[in-house]
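Here is the structure we will look at, set down as structure tokens.
Residue numbers begin at 1 in each chain, while the letters A, B, ... track the order of the sequences.
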There are 2 protein chains.
Amino acid sequence: MAKVTLQTIADRLGVSRATVSYAFSRPDQLSDGLRRRILEVAGELGYAGPNPTARSLRLGRAGALGLLFSETLAYAFADPYAIGFFQGLATAAEDAGVGLLILPLPHGDRRSDPVRDAVVDAFCVMSLPDGHPALAEVLARKLPVVVVDEPYVAGHPFLGIDEPAAGAAAARHVLDLGHRRLGVVMVGLHEDGHSGWAGPERQETASFAAMRARRGGYQRACEEAGLDWAAVPFYEVARNSREAGRRAGHALLGRDPRPSAILANTDVLALGVLDAAADLGLRVPADLSVVGFSDSAAQEAGLTTIRQAKQEMGAAAGRLLLAGSAARPERRLFPHELVVRASTAPPAHRHP
Amino acid sequence: MAKVTLQTIADRLGVSRATVSYAFSRPDQLSDGLRRRILEVAGELGYAGPNPTARSLRLGRAGALGLLFSETLAYAFADPYAIGFFQGLATAAEDAGVGLLILPLPHGDRRSDPVRDAVVDAFCVMSLPDGHPALAEVLARKLPVVVVDEPYVAGHPFLGIDEPAAGAAAARHVLDLGHRRLGVVMVGLHEDGHSGWAGPERQETASFAAMRARRGGYQRACEEAGLDWAAVPFYEVARNSREAGRRAGHALLGRDPRPSAILANTDVLALGVLDAAADLGLRVPADLSVVGFSDSAAQEAGLTTIRQAKQEMGAAAGRLLLAGSAARPERRLFPHELVVRASTAPPAHRHP
DNA sequence: CAAGCTTTCTTAATTGATTAAGATCTTAAT
DNA sequence: ATTAAGATCTTAATCAATTAAGAAAGCTTG
């Protein structure tokens, strides 16, 4: 079972390689009889069809979009927000008849680097921390690139939301309800895997730009409401899991004075905070208000959150990449919306 | 800004193309000085690095796994069971440093066929109906293939569960609890998009093998318990959505006599049935027992279901494909497990 | 019958790399 | 000084296709 190529078939029939190629890709260039014979011999020899790699090389197109995400793929597929985005992106790719190549992050192997070796026509980069080496590798490929959420890269299209405004909207919601004792739990600030209380300097040096900006929105709204931000307990977690949210919830709710409202920068985390509240016998929203983010897992739980058009963003990213070079760099901010559900209410009793 | 290739750099420096290639892929073959100069000139000229397609052609490996799924990608990313599988598969790919290429189904375009053109080293095919043309296209590629859930393809590895046994376990559970008036709702039997009551002939001619087998399990358990299967109302839906499950739930619960237990072949559908029960003011499990399937969205809702090792299956599929030809065709059935939660209980009052 | 037009197939350039084997030149050891 | 070994670079084959342009033959038409 040696390799069968166009040439093998050509030799067998005493015709040229070009003729065999035409038999597969341009039937009108050939007599029906010869074409039939070629296809027949191809079948006999077990020819697998024109080699896609060679085809791709000659034609100069890969027929695929590359996708790079900050986390491990196991994580990506566990994150409802990411999934929603993938869904939109995959749909755009599907409509164009191209594949979506989900890439692992380069692991310093040098021998085989997934980004360097990816056979794609364009890249979508999502949620990478500032200065992540994978981004440089993507840019080195000189292919169309669109960045989603973070980091902003000058000269390339960017898709995201107005993070400071969205963060402020979440905070303002509970502040407007009358809450004065807030707590914050955030994931995805740093890459060091640290979980625990985070002071101002750690907050401000977060390496994920979008989360940094979102946090800035929390802070601004608090300060505009007259709160001392430095006094707002801020808990950072390393993984966006319900369990991590629960632990953070316990940490925040164990403080004295106990926060009456908690802001979480993902819905998954917020669900964990709800778990913690339940553990402690606190009633939501009577004893505690909770606000999530992204509206990715909030509906059933009745969670107040900020809705993001994740699927539309994915679809837009895909279309932008597939449109080719016609698309000029643009910085496109999608709308966000505060969705008020049953997890937020005015505080039960106000302190003077 | 013309195209820059290895040759461009070679010409500029008056060295051979091979030398430039070595500068990138085998630094030890070159003097440090020359290598530095080459990389410098490459930088100046804006060289994007060795072309991955050409590289792939020469090296004979694509660095990617192809994934084919029966539904549109928008659907795939909305199905918790599929996502769980993807997660496992993606993780296996990630561990091996290869990408995962999610392919759209060929759309009869002939001009550009995603399966024919996919630059991959192997294919994972999931949940395709019997005789779907995409399967033939995959097999024509003569690459390693593993099929998941359906259809079984002789000569290629197959991964799934013991569908008849799993279906029977779900049915037996409610039968053992004492239920005698069952109802069934299933999705993914046919491709014709039909929703409504399905008689025996339609049930048995379902084009998705796994679902056909699962249904056979339902039937066998019922008959073993002395029930007349033909009298069991069977509702078929076209989409695996909560809303479709709710409609099916209304149809089933509107019958006289009303079923006291409903079997759904997905958790998402089962959640819809719970919605319908809530609409009608029925209490679960007091007035109605519901069993889902796959344990993909069941936990929070307290749904009794059949747990499948979806991530393990995905990981196993990936490893099988990445292990190369060493892996002989095997038919591997993963364990399933009945997980009893709060959605099932003995019927409230028994009829003679 | 000759000119012109089609149809059908071939020639050969092109796509962009990798790598074994060979050619020089330098260095070290005898 | 001679020979072997090592370092450094080149030659040329190879991977598997696509496609514009050319050639040979068949067919029509005036």
Side-chain N or O of A:Arg26 versus OP1/OP2 of D:dT18: is the shortest distance under 4.0 Å?
no
All salt bridge (Lys or Arg N to Asp or Glu O under 4.0 Å) counterparts of B:Asp192, not counting sequence neighbours
B:Arg202
Could you give the angle between the helix axes at the two ends of the helix from C:dC1-D:dG30 to C:dT30-D:dA1, with five pairs per end, rounded to 10 degrees?
40°
The side chain to side chain donor-acceptor pair (under 3.5 Å) partners of B:Asp117 (sequence neighbours excluded) come to A:Arg55
Between CZ of A:Arg36 and C1' of C:dT8 the distance, given in whole Å, is 16 Å
Considering only distance and modelled atom types, tabulate donor-acceptor pairs under 3.5 Å from the side chains of residues 36-50 of chain A, sequence neighbours left out.
{"residue": "A:Tyr47", "atom": "OH", "partner": "A:Gly49", "partner atom": "O", "Å": "3.3"}

With sequence neighbours excluded, tell me which residues meet side chain to side chain donor-acceptor pair (under 3.5 Å) with B:Thr19.
B:Ser16
Taking B:Arg61's backbone N and O only, do any of them form a donor-acceptor pair with B:Ser56's side chain (distance below 3.5 Å, no angle check)?
yes
Determine all donor-acceptor pairs shorter than 3.5 Å in which one atom belongs to a side chain in residues 308-316 of chain B; sequence neighbours excluded.
{"residue": "B:Gln308", "atom": "OE1", "partner": "B:Ser294", "partner atom": "OG", "Å": "2.8"}
{"residue": "B:Gln308", "atom": "NE2", "partner": "B:Tyr81", "partner atom": "OH", "Å": "3.4"}
{"residue": "B:Lys310", "atom": "NZ", "partner": "B:Ser294", "partner atom": "O", "Å": "3.3"}
{"residue": "B:Lys310", "atom": "NZ", "partner": "B:Asp295", "partner atom": "O", "Å": "3.2"}

Salt bridge (Lys or Arg N to Asp or Glu O under 4.0 Å) with A:Arg141: which residues, sequence neighbours excluded?
none
Just to verify, what does A:Asp130 make a salt bridge (Lys or Arg N to Asp or Glu O under 4.0 Å) with, not counting sequence neighbours?
A:Arg212
Could you check how far CG of A:Asp117 sits from P of C:dG16, rounded to whole Å?
17 Å
Taken to the nearest whole Å, CZ/B:Arg61 to C1'/C:dA17 is 14 Å
Nearest-angstrom distance from the residue atom CD1 of A:Ile9 to P of D:dT18
11 Å
How does each nucleotide of nucleotides 5-17 of chain D score, in 5' to 3' order, for protein heavy atoms under 4.0 Å: base (B), sugar-phosphate only (S), or none (-)?
---SSBB-BBBBB
